[in-house]
Amino acid sequence: NKVSIATVGGISSVVDAMRQYPLEVEVQHYGCWALTNLAVNDDNKVSIASMGGISSVVEAMHRHPQDSKVQNWGTSALRILADNSNNNEFRNLSTIVRRRTSVVEAMHRHPLEVEVQHYGCKALTNLAVNDDNKVSIA
């Protein structure tokens, strides 16, 4: 299903919806959730990054810092997307710093949300795998 959804334009539809309705928390929550599920496929990770999906997730997390569902699925999406050594979007140091900040801020804002903590730790772990990112995350 993940490949089929991407093939018929599902990734671009999700990213477009997130861009068109940035203040609608439900669109952002379900958009992050959809991208999380679609990112399990390596080809989809590349497509999500190239279509601006990573930026859309980060923007959703910044716009809705108090919403635990957006933070949970946002950190989860970043965790999966960061686990792709071929994803050049995550190799750019300035974007890494911004994404790392989103994850850390989510973890600080939602200390009692186990899933935010869980996915936040995994996202930071995946980002730290790249030697260039270890300095940025520290």
Side-chain angles (χ1 to χ4, degrees):
N1 285 340
K2 292 166 182 57
V3 174
S4 301
I5 291 168
T7 302
V8 298
I11 293 170
S12 61
S13 293
V14 170
V15 173
D16 290 347
M18 292 177 75
R19 286 183 182 150
Q20 188 167 354
Y21 299 101
L23 301 178
E24 296 295 327
V25 71
E26 292 296 315
V27 172
Q28 302 306 308
H29 159 223
Y30 285 110
C32 289
W33 192 355
L35 293 176
T36 296
N37 289 322
L38 290 165
V40 173
N41 175 280
D42 285 340
D43 291 336
N44 287 355
K45 288 179 188 178
V46 175
S47 295
I48 289 167
S50 69
M51 292 180 193
I54 295 171
S55 297
S56 293
V57 169
V58 171
E59 185 62 29
M61 293 175 72
H62 280 288
R63 283 194 189 269
H64 305 284
Q66 300 306 321
D67 189 273
S68 63
K69 291 178 182 176
V70 171
Q71 300 304 310
N72 172 40
W73 290 109
T75 55
S76 182
L78 293 176
R79 168 190 63 92
I80 293 171
L81 290 162
D83 188 23
N84 184 359
S85 60
N86 296 323
N87 195 338
N88 290 328
E89 177 88 10
F90 272 97
R91 293 185 185 272
N92 180 328
L93 187 58
S94 64
T95 57
I96 292 294
V97 171
R98 186 164 176 222
R99 285 176 187 88
R100 186 236 353 132
T101 302
S102 298
V103 171
V104 172
E105 286 175 0
M107 293 174 75
H108 285 288
R109 282 195 189 100
H110 301 279
L112 302 178
E113 294 289 335
V114 174
E115 290 179 331
V116 172
Q117 300 303 310
H118 172 84
Y119 293 131
C121 288
K122 284 190 165 196
L124 293 174
T125 299
N126 290 345
L127 288 168
V129 169
N130 181 320
D131 287 336
D132 294 337
N133 298 339
K134 289 178 184 173
V135 174
S136 168
I137 291 170

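All of these numbers come straight from a predicted model, not from anything done at the bench. We're numbering straight along the sequence, starting at 1.
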Rounding to 0.5 Å, atoms NE2 (His110) and CD (Glu105) come to a distance of 10.5 Å

Apply the side chain to side chain contact (heavy atoms under 4.5 Å, CB included) test between Asn44 and each candidate in Asn37, Leu38, Leu81, Thr7; give the one that qualifies.
Leu38

Euclidean distance, Arg19 CZ relative to Ser55 OG, rounded to 0.5 Å
7.5 Å

Heavy-atom nearest pair, Pro65 first then Gln71, reads CA-NE2, 3.4 Å

Atom CG in Asp67, atom CD in Glu26: separation rounded to 0.5 Å?
7.5 Å

Between CD1 on residue Ile54 and CG on residue Leu78, distance to nearest 0.5 Å
7.5 Å

Would a single hydrophobic cluster contain both Leu35 and Ile5, if residues Ile, Leu, Val, Met, Phe, Trp and Tyr are joined by side-chain heavy-atom contacts under 4.5 Å?
yes

Correct closest heavy-atom pair for Ile11 and Ala6 would be CD1-CB, 3.7 Å

Measure the spacing between CD1 of Ile80 and OH of Tyr119 and express it to the nearest 0.5 Å.
7.5 Å

Find out if a path of hydrophobic residues (ILVMFWY) with successive side-chain heavy-atom gaps under 4.5 Å connects Ile48 to Val57.
yes

Minimal heavy-atom distance between Val58 and Ser102, with the atoms involved, is CG1-OG, 3.3 Å

Please report the closest heavy-atom contact between Val116 and Ala106, naming both atoms and the distance.
CG1-O, 3.6 Å

Which atom of Thr36 lies closest to which atom of Ser76, heavy atoms considered:
CG2-OG, 3.1 Å

For Met107 and Gln117, work out which heavy atoms get closest and say how close.
O-NE2, 2.8 Å

Quick one: does His64's side chain have a donor or acceptor within less than 3.5 Å of a partner on Pro22's backbone?
yes

Test side chain to side chain contact (heavy atoms under 4.5 Å, CB included), reference Ser56, set Asp16, Val15, Val14, output is Val15

